[in-house]
Structures are given as C-alpha cells and as structure tokens.
Number of protein chains: 2
Amino acid sequence: MEEDVKEGASDKYSLRGRVFSRLREDILNGKYEEGVELREIAIGEELGVSRTPVREAFRQLELEGLIKIIPNKGAYVVGISDKDVRDIYILRSRLEGLAARWAVDHITNEQLEEMEENVYLAKFHTQKGHNEQIFELDNRFHELLYEASGSKILEHQLKDYHQYVLRIRKKTLSSKARGPQSNLEHEAILEAIKNKNADDAERLAHEHMINAYKNMIDNGLIKPED
Amino acid sequence: MEEDVKEGASDKYSLRGRVFSRLREDILNGKYEEGVELREIAIGEELGVSRTPVREAFRQLELEGLIKIIPNKGAYVVGISDKDVRDIYILRSRLEGLAARWAVDHITNEQLEEMEENVYLAKFHTQKGHNEQIFELDNRFHELLYEASGSKILEHQLKDYHQYVLRIRKKTLSSKARGPQSNLEHEAILEAIKNKNADDAERLAHEHMINAYKNMIDNGLIKPED
DNA sequence: ATGCGTAGGATTGTATACAATAATACACGT
DNA sequence: ACGTGTATTATTGTATACAATCCTACGCAT
C-alpha cells in the first residue's frame, strides 16, 4: 500500500519539496512569465518559508532549465521558445519510438492492463468532451510507455521532456480534432506492443509524436520555424 | 574576451559551484563508490565550507542522478550500473546521429575549423600515445558536435550523458585499438558535415557510438547484459 | 546637459543557530 | 534470553544573522 516514495527530487513533505513543485508548476502554467525575476525573500514570504528552502529549490529549477541563476544577481524565468518545443518533439519522436520498441520486451502484465484501461477510458472521455480527464489520461499513457521501456535512463529523460512541454500540450489536446486521433494512435501502439511487434511499435510511437507536432503547428500553437 | 559565462549550473567562483563540481568529479572518478553516504558536515569540512553550499550542491547532484537523498536520512552515491551505461550508449547513438544531421545545416565556420584542428591534433597524439590529450580531444570533438547541432536542448542532453559515462570512457580510449579507429570515425563524420551530407553524417555518428559501445563490451568494461 | 565617482540600499552568498527527525544503545519487564 | 520502550546522539531540515556583491541614485566636476 505504499504510495509514492519514488519522486526523489520533490518529496512533498519538506518545505523545499513544496517550494520546488509549486514554482515548477507556476512557471509551466505561465504564472511567472519569461524573464521575470524571482526574489528569494518574496517567494519565501508568499509560501510562508524562509530563504533556505527557496534557494535549494532554485538550484534544482536551474538544473531543470526552468530558471537561470546569475551569480550575485538573481534568478530569472527561462521561457520555452518555440524552437525548444520543436526540438523536444523531434527528440521525443525518436526516443518514444525507442521506448515503445523496448516496451515490447519489458512491459509487465500490470502495465499492459493499465494501458488497456487507459485507452478504453480515454475513448469514453473523448466522446464526452471531458478535457481534464483526457489530459490526465494522455499524460498517464505516455508515462506508462516510459516505465514499460524498462530503462530508468530513458524513462527519466522522457518524463522530463514530457513535463517541459506541459504548457503547450494542455492546449493541443483540447483541440477537437486531435483528441480522437490521438486515442487511435495510442491504441495502435498498444496493439503493436501486445503483438510483440517491435518495428511497428517504434514506428507508430514515432509517428504519434510527429503527428502531435504537426497538429501544434497547424493550430498555430507554435511557429514552424524562426 | 569573455571567458565562460555559460556554465550555469556550476559557476566556479562560488563555494557551491566548487563543491558541486568537486563532488561530481569525485563520484564520476570513483572516489566515492556506490552506496557511500555523504554527510554534509564531513564534506563541508573536507572542502572548508559550511553546510549551506554543500546542501545546495547535493540538491543539484540529486537531480543529475548522481546521488539519492532520502529525506531526514542522508545522501547516498548512486552508482552507474552496466545497464545504465548500455542504455546511455544506445540513446547517444540515436541522439548523436541527430546532432550530426542538424550540424550539417547549423555548424559555424569557427566550429568547423576547431573540429578540423581537433581531428588533426588527435591523429598526432594518438601516434605518440598521449592518453590524456586523446581523452580531452575526444571530449571536445563530441562537445563541438553537440554545439554545432544548433539545438540548446539536444546539446544540453548530450553533454549530460557524455559526462555521465566519463568513468567508463576514460578506460575505453586508452585501449590501443580503439584510439586510432575512433579518430578515423571522427574524421568521417567531419567530412560528411563538410560535404553537407546529412544522411551520411547521421549514419556515421550513429555507427561511431555503436562501435564505441561494442568496444566497451569486447574489452570487458561492461557486461553485455544482466 | 553629460559623464564619472561614490554612498546607500537591496539582493544574493555563506555561516551558524535552532528544530525536527531518525538511528542506536541501553535499561527494564517478562 | 528476548522483546519493547525510552533516552541519547547524530544527522538532516529550516530559520536567521552576517558578509559580499551588485544596482541605483545622487552629487559633483566639466
């Protein structure tokens, strides 16, 4: 019955962990926009903690690339440029393909079952237009794929990227056309994994990301180039 | 004449930055082996600083995956397993291929010149058997490739992995056979980039990593599987 | 008006003090 | 002898005090 002892970087039960998670969320959700200076004292007061946990959270956020700390000067929110998003989607298209390939050999029965349930539920919520649930299920499908790859390294990497483009993705999935299509693609990937067809799994996962990428561009969420 | 204002995470002129770099190095070089507990006070005394910068460095090291912090308990060195190394080489083989492909369109003249100089020098030092220089030049060749990709995201990612497998790589390149072969492969990648042949560049960079990977296994530096 | 130097304040960097938590050892009862 | 509870100690978590640095504004000379 253990709950969640795995999230090493952001244990929820320390002040630092809470500051870290909160700031991360606020930056990804756009509360703090690009270039904004984060002051240790101000953040601390807002969250009711001293500078110490804030500073430690800052160091982590910098390593995640969400803020840039200039020594003796300050911490500034680093925006995600359109180019960053494009790059990440290209990287993800390749790495998710690899994850799907590896998942063929490493997925557990539990993971397979959850994936099937996920696809089934997503179909339902898409019909009903439940955007929040669709978003969560999509998140979970991809995380499951990463976990099923059996590679801590790959899993960690893809989860990072996944989080990083959160802002954009929230908009994308709400688009009427992409939702159902995305589900079908998930289902196809799942089928390939079940059939132990590594080539198909990789190809489908790869295409899935490319399609998501194209969708973003078609809907004007990001520019196709600089 | 500005020197190095880019290494955001590890500015050398703060105590925290020095602690971070030092611990990182010590872990990668094997001074602190897997499972060892790092105590804040002990590390602080060894480096002549208080707990504060040590703690901040710890948070960063955790995010890099080099240590694991268990709340209220301690910080433990996380070893690189053979599987991690294998996974990273597979990932790198794909991502370096992508970097080489992108470099074809984005490499600057300065980068191209440095790469040519790098290959030329490496040939010399290989003949002389200067292992330390060979190691540094190999490092630099790959970093150049990452920078030439024109993608901050990809560059950052590959530099991370590159650092991560430092320990192993040091041994690999000293092996008599791999050194010269590695040079030839670098040269071939460089030629493909100069000739604006993206397909060749990607394929050659991909193969370069696969060869390095095979070499490690053949020399018994890592197990081929668990 | 403009440029430069300097003083003041604000902010980060570091050290230290205190609080909370976890590991250990030992005493006690059975 | 064994298990249990508790006191002790070591270590991490957080807050605060102090030092170093940077930015701004102001005054002064030109």
Side-chain angles (χ1 to χ4, degrees), chain A residues 2-24 26-27 32 35-78, chain B residues 2-24 26-27 32 35-78:
Chain A
E2 85 254 26
E3 190 74 23
D4 43 10
V5 194
K6 60 182 165 187
E7 202 63 24
S10 64
D11 66 288
K12 305 187 241 177
Y13 305 111
S14 70
L15 297 187
R16 175 196 51 79
R18 286 213 296 275
V19 173
F20 177 74
S21 305
R22 174 66 180 277
L23 285 177
R24 193 171 199 278
D26 285 347
I27 292 174
Y32 299 118
V36 167
E37 179 169 356
L38 301 179
R39 289 194 196 77
E40 296 172 356
I41 297 177
I43 300 292
E45 283 179 354
E46 188 177 333
L47 303 181
V49 302
S50 77
R51 285 176 56 211
T52 307
V54 175
R55 279 182 64 81
E56 293 183 7
F58 275 19
R59 298 301 171 201
Q60 299 186 292
L61 290 167
E62 176 173 44
L63 233 56
E64 290 218 330
L66 291 176
I67 67 177
K68 172 160 184 61
I69 298 177
I70 300 178
N72 287 309
K73 188 142 178 290
Y76 302 88
V77 175
V78 172
Chain B
E2 85 255 27
E3 190 74 24
D4 42 12
V5 194
K6 61 182 165 187
E7 201 64 25
S10 65
D11 67 290
K12 305 185 239 176
Y13 304 110
S14 71
L15 297 186
R16 175 196 51 79
R18 287 215 295 275
V19 173
F20 177 74
S21 305
R22 173 66 180 278
L23 284 177
R24 193 171 200 276
D26 285 347
I27 292 173
Y32 299 118
V36 167
E37 179 171 356
L38 301 179
R39 289 193 197 77
E40 296 173 357
I41 297 177
I43 301 291
E45 282 178 354
E46 188 176 333
L47 303 181
V49 302
S50 77
R51 285 176 57 212
T52 306
V54 174
R55 278 181 64 82
E56 294 184 6
F58 274 20
R59 299 300 171 199
Q60 300 185 293
L61 289 167
E62 176 173 45
L63 234 56
E64 290 218 330
L66 291 176
I67 67 177
K68 172 161 185 59
I69 297 177
I70 300 178
N72 287 309
K73 191 145 178 288
Y76 302 88
V77 175
V78 172

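To find a chain, count down the sequence lines: A is the first, B the second, and so on, and within it residues start at 1.
- The interatomic distance linking A:Leu15 (CG) with C:dA19 (C1') rounds to 12 Å, in whole Å.
- Each of A:Lys73 and A:Pro53 was assigned the nucleotide of DNA chain D with the nearest heavy atom; the assignment lying further toward the 5' end belongs to A:Pro53.
- In this structure, A:Phe58 atom CZ and C:dT12 atom P are separated by 7 Å, rounded to whole Å.
- Nearest-nucleotide assignment on DNA chain D puts the 5′-proximal partner with A:Thr52, out of A:Thr52 and A:Pro71.
- Remark: C1' of C:dT21 and CG of B:Asn72 are 5 Å apart, rounded to the nearest angstrom.
- Atoms CD (B:Glu37) and P (C:dA22) sit 14 Å apart, rounded to a whole Å.
- Proximity of A:Tyr32 to A:Leu23: side-chain heavy atoms (C-beta onward) are separated by under 4.5 Å at one or more points.
- Using a 4.0 Å heavy-atom criterion, one finds that B:Ile70 contacts no nucleic acid atom at all.
- Annotation: side chain of A:Phe58 is not in contact with side chain of A:Leu66 (no heavy-atom distance under 4.5 Å).
- Taking a heavy-atom distance under 4.0 Å as the criterion, the stretch of DNA chain D touched by chain B extends 5' to 3' from D:dT11 to D:dT14.
- Using modelled atom types, one finds no donor on one side chain facing an acceptor on the other under 3.5 Å when comparing A:Gln60 with A:Arg24.
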Begin from the C-alpha positions of B:Glu62 and B:Lys68 and carry the test salt bridge (charged side-chain N to carboxylate O under 4.0 Å, His left out) through to its verdict. CA-CA 6 Å; B:Glu62 176 173 45; B:Lys68 172 161 185 59; 5.1 Å; no

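- Minimum heavy-atom separation, B:Ile67 to B:Ala75: CD1-CB, 4.1 Å.
- Between B:Arg59 and B:Arg16 the shortest side-chain heavy-atom distance does not fall below 4.5 Å.
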